[in-house]
Amino acid sequence: MKIIDNSVVFNMYQMKVKDEFRSSFNEVGKRNMVTSSTIESGTLGMYNTMNDAGENLLFELYEDQKAYDKHVQSQQSKDFQRVVSEGATDVSRVELVPEFLGEQDVSLNTTTDNRLWVNVVRFTVKDGKQDQFKQILIPYLKKAMKAETEILVCYVSHVKNQPNKWMTFQVFQNDDTFKKYVNSDGFHQVLDELTPLFEERQLEQLDGQVLINQGHY
């Protein structure tokens, strides 16, 4: 686990998949993620999730712009891009600036039904409070991941060119691990410290359908 530099490319895609393309989207999307993570050393993490509204949220992490460019020119990526162009609507891409990328030492490779708890939390941080927000949140998350190895992934970022819009993406071993995390004294203490610094906080649970990373970040 470490705080990374600005060379890392981190993207979130959100889209609605047409019912008649769902099977193709899942199959081709999984092949894209599994193949890319296997043969592209610069592809650090790929996640396909779904929210309660039936929208897919995809998170992709690359070592740098060169690794991202290599990926989008690959055949598996082009195959998936074709399915998305034909079978998805309301497609949006959000470029994220990573502030902290935490993973456990063992790589994550989940491509079937699972009991993992996945969530994204969105914050609107008050003007001028971003540095203070970061200085409180990130040390706590680093400490939590070291103490609890069942917190598998924790990424913290803000939206590019929108320094008030922050996001955490987390993967837990199961819902019990998540409940233990959010019910801990440390979590409530940090939340109390952060609350004066943000205007809004929204937690969204996601269904983790494909969750892959190389670990060790």
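Remember, predicted model here, so these are calculated numbers, not experimental data.
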Here the pair of heavy atoms bringing Val91 nearest to Ala88 is CG2-CB, 3.9 Å
Validation row: Lys78, Gln73 side chains within 4.5 angstrom (heavy atoms): yes
Backbone N/O of Val182 and side chain of His188: donor-acceptor pair under 3.5 Å: yes
Shortest non-hydrogen pair, Phe100 vs Leu141, comes out as CE2-CB, 4.4 Å
Which is it for Glu99 and Gln130 under the side-chain contact (heavy atoms from CB on, under 4.5 Å) test, yes or no, and what are the steps along the way? CA-CA 11 Å; Glu99 298 285 352; Gln130 295 93 336; over 6 Å; no
For Ser37 against Ile212, the heavy-atom pair lying closest together: OG-CG2, 3.4 Å
Within the distance-only criterion (no hydrogens, no angle test), does the side chain of Ser7 pair as donor or acceptor with the backbone N or O of Asp64 below 3.5 angstrom? no
Does any non-hydrogen side-chain atom of Phe133 lie less than 4.5 Å from one of Leu194? yes
Look at the side chain of Lys30 and the backbone N and O of Thr111, then say whether any donor-acceptor pair between them is shorter than 3.5 Å. yes
Does the plane of the ring in Phe25 sit parallel, tilted or perpendicular to the ring in Phe80? Use 30° and 60° as the thresholds. tilted
Could you tabulate the donor-acceptor pairs under 3.5 Å formed by side-chain atoms of residues 16-24, not counting sequence neighbours?
from  : atom 1 : to    : atom 2 : distance (Å)
Lys18 : NZ     : Glu86 : O      : 3.3
Arg22 : NH1    : Asn56 : OD1    : 2.9
Arg22 : NH2    : Asn56 : OD1    : 3.1

Donor-acceptor side-chain pairing of Gln81 and Ser85 below 3.5 angstrom: no
State, to 0.1 Å, how close Thr110 and Asn114 come at their nearest heavy-atom pair, and which atoms those are. CG2-ND2, 3.3 Å
What distance separates Tyr140 OH from Ser184 OG, expressed to the nearest 0.5 Å? 4.0 Å
Applying side-chain contact (heavy atoms from CB on, under 4.5 Å), run through Glu27 and Val83 and close with a yes or a no. CA-CA 10 Å; Glu27 179 182 347; Val83 172; over 6 Å; no
Treating Glu103 as the side-chain partner and Gly215 as the backbone partner, does any N or O pair qualify as donor plus acceptor under 3.5 Å? yes
For Tyr155 and Leu61, what are the C-alpha separation, side-chain angles and deciding distance, and is it a side-chain contact (heavy atoms from CB on, under 4.5 Å)? CA-CA 10 Å; Tyr155 298 159; Leu61 192 69; 3.8 Å; yes
Is Asp113 atom CG crowded by more than 12 heavy atoms from other residues, nucleotides or ligands, each under 6.0 Å away? no
Hey, is CZ on Arg115 packed in by over 12 heavy atoms from elsewhere, all under 6.0 Å? no
Enter the distance from Leu58:CG to Met50:CE here, rounded to the nearest 0.5 Å. 10.0 Å
Would the distance check show the side chain of Thr195 and the main-chain N or O of Leu191 forming a donor-acceptor pair, the cut-off being under 3.5 Å? yes
Taking the side chain as every heavy atom from C-beta outward, state whether Trp166 and Lys134 have any atom pair closer than 4.5 Å. yes
NZ of Lys146 to CD of Gln104: how many Å apart, nearest 0.5 Å? 11.0 Å
Regarding Lys180 and Glu150, does a basic nitrogen lie under 4.0 Å from an acidic carboxylate oxygen? no
Verify same cluster id: Val156, Phe198 (apolar side-chain graph, 4.5 Å): yes
Look up atom CG in Asp192 and atom CD in Gln189, then write down how far apart they are to the nearest 0.5 Å. 8.0 Å
If you apply the rule side-chain contact (heavy atoms from CB on, under 4.5 Å), what do you find for Leu101 with Leu44, and how did you get there? CA-CA 11 Å; Leu101 301 175; Leu44 305 178; 5.7 Å; no
Considering non-hydrogen atoms only, spot the tightest contact between Met46 and Glu60 and give its length. CE-OE2, 3.6 Å
From Gln214 atom CD to Thr38 atom OG1, the distance as rounded to the nearest 0.5 Å: 9.0 Å
Looking at every non-hydrogen atom in both residues, tell me the closest pair between Pro98 and Ser157 and how far apart they are. CA-CB, 3.9 Å
Anything under 3.5 Å between a donor and an acceptor, one on a side chain of residues 121-129, the other on a protein residue two or more places apart or in another chain? List them.
from   : atom 1 : to     : atom 2 : distance (Å)
Arg122 : NH1    : Glu204 : OE1    : 3.0
Thr124 : OG1    : Lys165 : NZ     : 3.1
Lys126 : NZ     : Pro196 : O      : 3.0
Asp127 : OD1    : Asn164 : ND2    : 2.6

To the nearest 0.5 Å, tell me how far Ile39 CD1 sits from His71 NE2. 10.0 Å
Quick one: are the ring centres of Phe59 and Tyr13 less than 6.0 Å apart? no
I'd like a table of donor-acceptor pairs (distance under 3.5 Å, sequence neighbours excluded) in which one partner is a side-chain atom from residues 167-175, with atom names and distances.
from   : atom 1 : to     : atom 2 : distance (Å)
Gln170 : OE1    : Asn119 : ND2    : 3.4
Gln170 : NE2    : Tyr181 : OH     : 3.3
Asn174 : OD1    : Asp176 : N      : 3.1
Asn174 : OD1    : Thr177 : N      : 2.9
Asn174 : OD1    : Thr177 : OG1    : 3.0

Within a strict 4.5 Å, meaning less than it, do heavy atoms of the Leu211 and Leu152 side chains meet? no
Is there a path of hydrophobic side-chain contacts, each under 4.5 Å between heavy atoms of I/L/V/M/F/W/Y residues, joining Val118 to Val94? yes
